[in-house]
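Inspection log for the structure reproduced underneath, given as structure tokens.
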Amino acid sequence: MTYIAHTKENSEEIQTLRDHLWNSKMYAEKYGDILGIPHVTGVAALVHDLGKYRQEFQKYIRHSEKAKKGSVDHSSFGAVFLKEKVKELSQQPEEFSADSLFAEIISNAVFSHHNSLGLKDYLNARLKSPYYERVEKFDIDPEKKIELKQAESLFYQETMAENDFNIYLKTAMREFSQLFKELLKDQDGLLDNLYYVGQFIYSCLLDADRTDTSLFSFGKSATEYQYDEIFEQYYGKLLNSISNLTRARKSIKLVPKCRMNVMLLQTKQMVFTACLFRQVVGRHWQVCVMD
């Protein structure tokens, strides 16, 4: 049986699930290398669509014109699989450890990769945990547990052999553990930094998944970008706009103070965004869809 990840409208062309997972892994590794965690981001991409090995999903994708989009859950399976696999391989028995934290961050990214609201809260304003509610909902469903075992077996057969996956996952766990040690050096900023790391991993997964899906859907090929040149071009335009704004402020005396403050705040935000863009991207390249 051919396991399908994506189809094209008005076409019989398909993208196999194995190809999509491997392509997504490749892109995610390149993005994650910015922080020295290519296997961490890579493993998130590798398992994010594991649930598409379910028979229910394969029936859905083959008759998607008759089914409601998103009506068949697939993200829960990769998330729970990863969480259980980390627990199996971990050498850290304590409840709170780098490995347990790694499992939560990666599984949340996988759970949320089709969530329009972003990552699921671990604790929200109502003192509920959407993340743990999703885990518990899966755990109490015996049918899903059976389906997970079946999907896991197909994943090992089709995408990556179990021994190879264990080696890859252990490498990812070591990478995260090393990063966590660095984060522990800044106790005051630890929670903030963990939040940013979680968002970064989530972003890498989304970019990898969406990039590969777009390339398949539009029949395009990956293109490398040298972002230094692009940054300098747009940063120059930004500085020119700031200069024009400054001259305008000197010449217009009737602009209300509150309006001018808003204009200046927007300019500061633009500068911050441009600087952050340069800091994160640097000389690295990203895969994009090009005409």
Side-chain angles (χ1 to χ4, degrees), residues 3-8 14-53 57 61 70 74-83 85-86 102-120 151 155 158-160 164-165 168-169 171-173 175-176 179 196-227 276-277 280-290:
Y3 293 92
I4 301 173
H6 301 113
T7 58
K8 283 186 180 180
I14 65 163
Q15 182 184 38
T16 67
L17 183 49
R18 182 188 186 282
D19 285 349
H20 176 56
L21 294 178
W22 272 92
N23 291 344
S24 298
K25 166 183 166 293
M26 177 185 68
Y27 300 142
E29 285 174 345
K30 293 183 182 297
Y31 305 150
D33 196 44
I34 295 172
L35 291 187
I37 52 172
H39 292 81
V40 172
T41 51
V43 79
L46 189 58
V47 305
H48 80 283
D49 274 354
L50 179 142
K52 290 186 176 182
Y53 277 116
F57 183 86
I61 196 71
H74 68 272
S75 59
S76 297
F77 290 81
V80 173
F81 165 72
L82 190 283
K83 202 170 188 301
K85 198 66 179 177
V86 170
F102 165 80
E104 288 191 356
I105 289 175
I106 301 299
S107 60
N108 197 0
V110 175
F111 269 136
S112 308
H113 79 273
H114 283 296
N115 184 13
S116 61
L117 299 177
L119 289 169
K120 294 188 173 299
F155 173 80
E158 286 266 321
T159 302
M160 183 179 283
D164 293 337
F165 179 78
Y168 191 91
L169 180 56
T171 303
M173 292 162 67
E175 284 179 356
F176 186 85
L179 176 63
Y196 291 127
V197 167
Q199 290 289 344
F200 175 80
I201 294 169
Y202 180 54
S203 177
C204 290
L205 170 56
L206 291 187
D207 281 356
D209 179 27
R210 305 302 191 265
T211 294
D212 185 59
T213 302
S214 296
L215 292 173
F216 166 73
S217 297
F218 295 107
K220 304 294 183 180
S221 57
T223 302
E224 293 187 15
Y225 273 97
Q226 294 297 328
Y227 274 98
L276 181 63
F277 175 86
V280 172
V281 175
R283 292 185 172 82
H284 293 271
W285 64 274
Q286 178 176 337
V287 180
C288 298
V289 178
M290 289 291 290

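All residue numbers in this chain count up from 1 along the given sequence.
Summarising the geometry of Y31 relative to C204, their closest heavy-atom pair is CB-SG, 3.5 Å, with the distance given to 0.1 Å. Considering all non-hydrogen atoms of both residues, L205 and A45 come closest at CD1-CA, 3.6 Å. The two atoms that bring V40 and F102 nearest to each other are CG1-CE1, 3.9 Å, heavy atoms only. In terms of heavy atoms, T41 sits closest to F200 at CG2-CE2, 4.4 Å. The heavy-atom pair separating L50 from F81 by the smallest distance is CD1-CD2, 3.6 Å.
With contacts defined as side-chain heavy-atom distances shorter than 4.5 Å, the pair V43/Y168 qualifies. Inter-residue side-chain proximity for T159 and L17 is flagged as unmet; no heavy-atom pair is nearer than 4.5 Å. With contacts defined as side-chain heavy-atom distances shorter than 4.5 Å, the pair Y202/L119 qualifies. Annotation: side chain of L169 is in contact with side chain of K85 (closest heavy-atom distance under 4.5 Å). The shortest side-chain heavy-atom distance between Q15 and N23 falls under the 4.5 Å cut-off. Counting heavy atoms from C-beta on, the side chains of K52 and I61 never come closer than 4.5 Å. Residues V47 and V110 are in side-chain contact: their nearest non-hydrogen atoms beyond the backbone lie under 4.5 Å apart. At a threshold of 4.5 Å between non-hydrogen side-chain atoms, the residues V86 and F176 do not count as touching.
With rounding to the nearest 0.5 angstrom, the CG atom of D19 is 10.5 Å from the OG atom of S24. Here the CG-NE2 distance, from D33 to H39, works out to 10.0 Å after rounding to the nearest 0.5 Å. Here CG of L35 is found 10.5 Å from CD of E175. Values are rounded to the nearest 0.5 Å. Between T171 atom OG1 and I37 atom CD1 the span is 14.0 Å, to the nearest 0.5 Å. K83 NZ to F111 CZ: the interatomic distance, rounded to the nearest 0.5 Å, is 8.5 Å. Taking CG from D49 and CG from D212, the interatomic distance works out to 10.0 Å, rounded to the nearest 0.5 Å.
Figure legend: cation-pi geometry between K8 and F216, with NZ or CZ positioned under 6.0 Å from the six-membered ring centre and within 45° of its axis.
When H114, H20, H113, K25 are each tested for a side chain to side chain donor-acceptor pair (under 3.5 Å) with H48, only one passes: H20.
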Show the numbers, then the answer: is there a side chain to side chain contact (heavy atoms under 4.5 Å, CB included) between Y3 and R18? CA-CA 8 Å; Y3 293 92; R18 182 188 186 282; over 6 Å; no
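Of the N and O atoms on the side chains of S112 and N108, at least one donor lies less than 3.5 Å from an acceptor on the other residue.
Using the six-membered ring where Trp is involved, F165 and F155 have ring planes that are perpendicular, over 60° apart on the 30 and 60° scheme.
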